[in-house]
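The sequence lines fix the lettering, A, B, ..., with proteins before strands; numbering per chain opens at 1. All figures in this text were calculated on a predicted structure; none of them were measured in a lab.
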Number of protein chains: 2
Amino acid sequence: MIKKTADRRVVRTKKMLRDALAELIEDKGFEAITVCDLTERADINRGTFYAHYKDKTDLLVQSENDLIEAVLEIQSGLVEMSMAELLDCYVNNKPLPFAVALYRYLGDNGRFVRALIGPKGDPGFTPRLKEVIARNILENVLSEKYRENMTPLTKYYMAYYTSAQLGVIEHWFESGMNEDPEEMARIVLSIMFMRPGDAIEMRPTILDRVGMQYVI
Amino acid sequence: MIKKTADRRVVRTKKMLRDALAELIEDKGFEAITVCDLTERADINRGTFYAHYKDKTDLLVQSENDLIEAVLEIQSGLVEMSMAELLDCYVNNKPLPFAVALYRYLGDNGRFVRALIGPKGDPGFTPRLKEVIARNILENVLSEKYRENMTPLTKYYMAYYTSAQLGVIEHWFESGMNEDPEEMARIVLSIMFMRPGDAIEMRPTILDRVGMQYVI
DNA sequence: TATTACAATCAACAGACTGTTGGTTAACAC
DNA sequence: GTGTTAACCAACAGTCTGTTGATTGTAATA
């Protein structure tokens with residue numbers, strides 16, 4: 001676990017390769033990338049590539065691991081939120097702190113994340129990101145009662161909810177990251193209190209203030 | 001558009017290749033598959049493969065198109081649902097007809113769908129399936145008012161909702177497709193009326209009957 | 001600053017996969 | 001039954017792969 005990569009040449013090489021990977025994924029898709037493409041764009045000798053990585057998949061996996069690890073790191077420093085605090089954020093239209101931190105980091109690594117979760121990216125990355133989000137957001141949302149004794153329906157709700165959160169992140173990237181992290185955190189919180197079925201009760205919900213009223 | 005594939009040999013060859021593709025994707029991932037792998041497993045000459053498909057990606061895309069087209073076909077025959085009917089289904093615990101049809105078809109083509117949306121599948125397929133689901137389920141759920149004048153928040157809600165629906169489908173496949181299509185349609189309908197924020201009002205919702213009560 | 005370690009380069013290698021071709025055999029539709 | 005054509009087979013050059021050995025250049029440390 002101890003990174004002993006002090007040599008500037010190594011970090012430069014790795015950075016160049018990771019950047020080239022992100023660009024090329026968005027360009028032609030991971031599938032079509034050759035090691036030649038990578039080293040050519042990164043302006044690195046092909047032999048040097050193999051000194052650091054087994055193959056292009058190894059480069060991909062290592063880069064993904066770094067990203068996942070960083071997200072975990074960020075979220076591990078965040079205190080678990082009480083329901084009262086969540087409510088406070090909601091009614092006062094304050095962004096959730098951990099959501100802000102998450103979106104800030106994802107935004108900073110935008111190019112790479114967008115490439116990975118995009119239609120030409122790595123289908124194996126999305127589940128990993130989902131797992132992190134599930135562990136760090138859902139555990140703050142789902143009550144203990146359901147966490148400990150998970151029924152099939154609860155599991156389906158978890159799958160529903162984590163996928164939904166990732167869908168919002170994807171849409172953020174696709175639409176050009178126009179909103180800043182704070183805005184995104186507010187949007188996420190708002191959506192958490194929406195449900196399509198609300199129309200059944202035919203009452204405008206508290207969501208009016210974010211401009212959506214209720215959804216049929 | 002007119003399929004003139006009457007020759008039994010052709011349909012046999014194509015079927016063998018599509019099946020081999022599904023198996024190999026789950027086995028080693030699309031990325032790692034070679035045309036040799038495909039023809040070997042399908043027991044087809046390699047030259048024959050190139051008589052039908054440009055490359056392995058062409059095989060993938062054509063197979064995906066067939067699947068998407070079939071889903072569209074199924075859903076086009078379904079009448080649009082009124083809010084009253086939706087309510088009727090919900091309170092009487094009846095499965096939504098279009099959801100049943102969707103899950104039935106996906107289940108019938110389980111192996112292939114599971115391979116495509118899985119962690120070794122095609123990252124480009126999920127968005128396409130999402131789009132179909134969005135068009136056919138969400139348009140029955142979102143009121144006209146929001147459909148015609150889409151605010152950013154509405155779009156985020158759509159992204160949230162469609163991803164969520166796909167997450168449920170994914171979980172169905174991952175967990176071994178234990179529920180039959182009718183059960184899945186009921187689960188989906190139930191989840192539509194849940195929201196994590198319900199705890200704020202601290203009232204057990206109508207969802208009690210499906211064993212979840214309310215979610216914090 | 002000089003020395004030592006090692007990262008990066010270059011050229012060349014066999015092996016695998018690709019996409020194509022021309023000639024042959026066998027199954028199909030009518 | 002016969003013409004059509006799909007499937008088979010072998011062989012082709014071209015590309016990408018992963019590895020090697022020798023050489024050059026850059027970095028950390030004394």
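Considering only side-chain atoms of R8(B), the nucleotide from dG19(C), dA12(C), dA29(C) that sits closest is dA29(C).
Every residue was checked against the salt bridge (charged side-chain N to carboxylate O under 4.0 Å, His left out) condition with R18(B), not counting sequence neighbours, and none meets it. Residues that satisfy the side chain to side chain donor-acceptor pair (under 3.5 Å) test with E64(A), not counting sequence neighbours, are absent from this structure.
The side-chain hydrogen bond (donor to acceptor under 3.5 Å, both in side chains) analysis of residues 116-130 of chain B, with sequence neighbours excluded, yields the pairs E170(A)-K130(B), N65(B)-R128(B), K130(B)-S163(B).
For the pair R46(B) CZ and dT21(C) P, the interatomic distance rounds to 13 Å; values are reported in whole Å. The separation between L59(B) atom CG and dT18(C) atom C1' is 16 Å, rounded to whole Å. Atom C1' of nucleotide dA8(C) and atom CE of M16(A) are separated by 13 Å, given to the nearest angstrom. Straight-line distance from the CZ atom of R9(B) to the C1' atom of dA26(C): 8 Å, rounded to whole Å. One can place CZ of R12(A) at 12 Å from C1' of dT9(C), the figure rounded to the nearest angstrom. Straight-line distance from the OH atom of Y50(A) to the P atom of dT9(C): 15 Å, rounded to whole Å. Atom NZ in K54(B) sits roughly 7 Å away from atom P in dG19(C) (whole-Å rounding). Atoms CG (N45(B)) and P (dA27(C)) sit 15 Å apart, rounded to a whole Å.
Of the charged side-chain nitrogens involved, none lies within less than 4.0 Å of a carboxylate oxygen, so that D37(B) and K56(B) do not count as a salt-bridged pair. Between E182(B) and R186(B) there is no salt bridge, since no side-chain nitrogen of the basic residue lies less than 4.0 Å from a carboxylate oxygen of the acidic one.
Under the 4.5 Å side-chain criterion, counting only non-hydrogen atoms from C-beta, Y156(B) is in contact with S175(A). Within the 4.5 Å cutoff, side-chain heavy atoms of Y103(B) are placed close to those of V168(B). Side chains of R41(A) and D27(A) form a contact here, defined as non-hydrogen atoms less than 4.5 Å apart. A 4.5 Å side-chain heavy-atom check between D19(B) and F112(B) finds every atom pair outside the cut-off.
Consecutive pairing runs in DNA chain C reach the stem threshold at C:1-12 with D:19-30, C:14-18 with D:13-17, C:20-30 with D:1-11, where a stem means at least three Watson-Crick or G-U wobble pairs with distances under 3.5 Å.
No option in D55(A), I25(A), I33(A) other than I25(A) meets the side chain to side chain contact (heavy atoms under 4.5 Å, CB included) test with L60(A).
At a non-hydrogen distance threshold of 4.0 Å, nothing from residues 18-39 of chain A comes into contact with DNA chain C.
In summary, the aromatic rings of F49(B) and Y53(B) are positioned with their centroids under 6.0 Å apart.
Interface limits on DNA chain D: the 5'-most and 3'-most nucleotides within less than 4.0 Å of chain B heavy atoms are dT5(D) to dA11(D).
Put simply, H52(A) has no side-chain N or O that comes within less than 4.0 Å of OP1 or OP2 on dA7(C).
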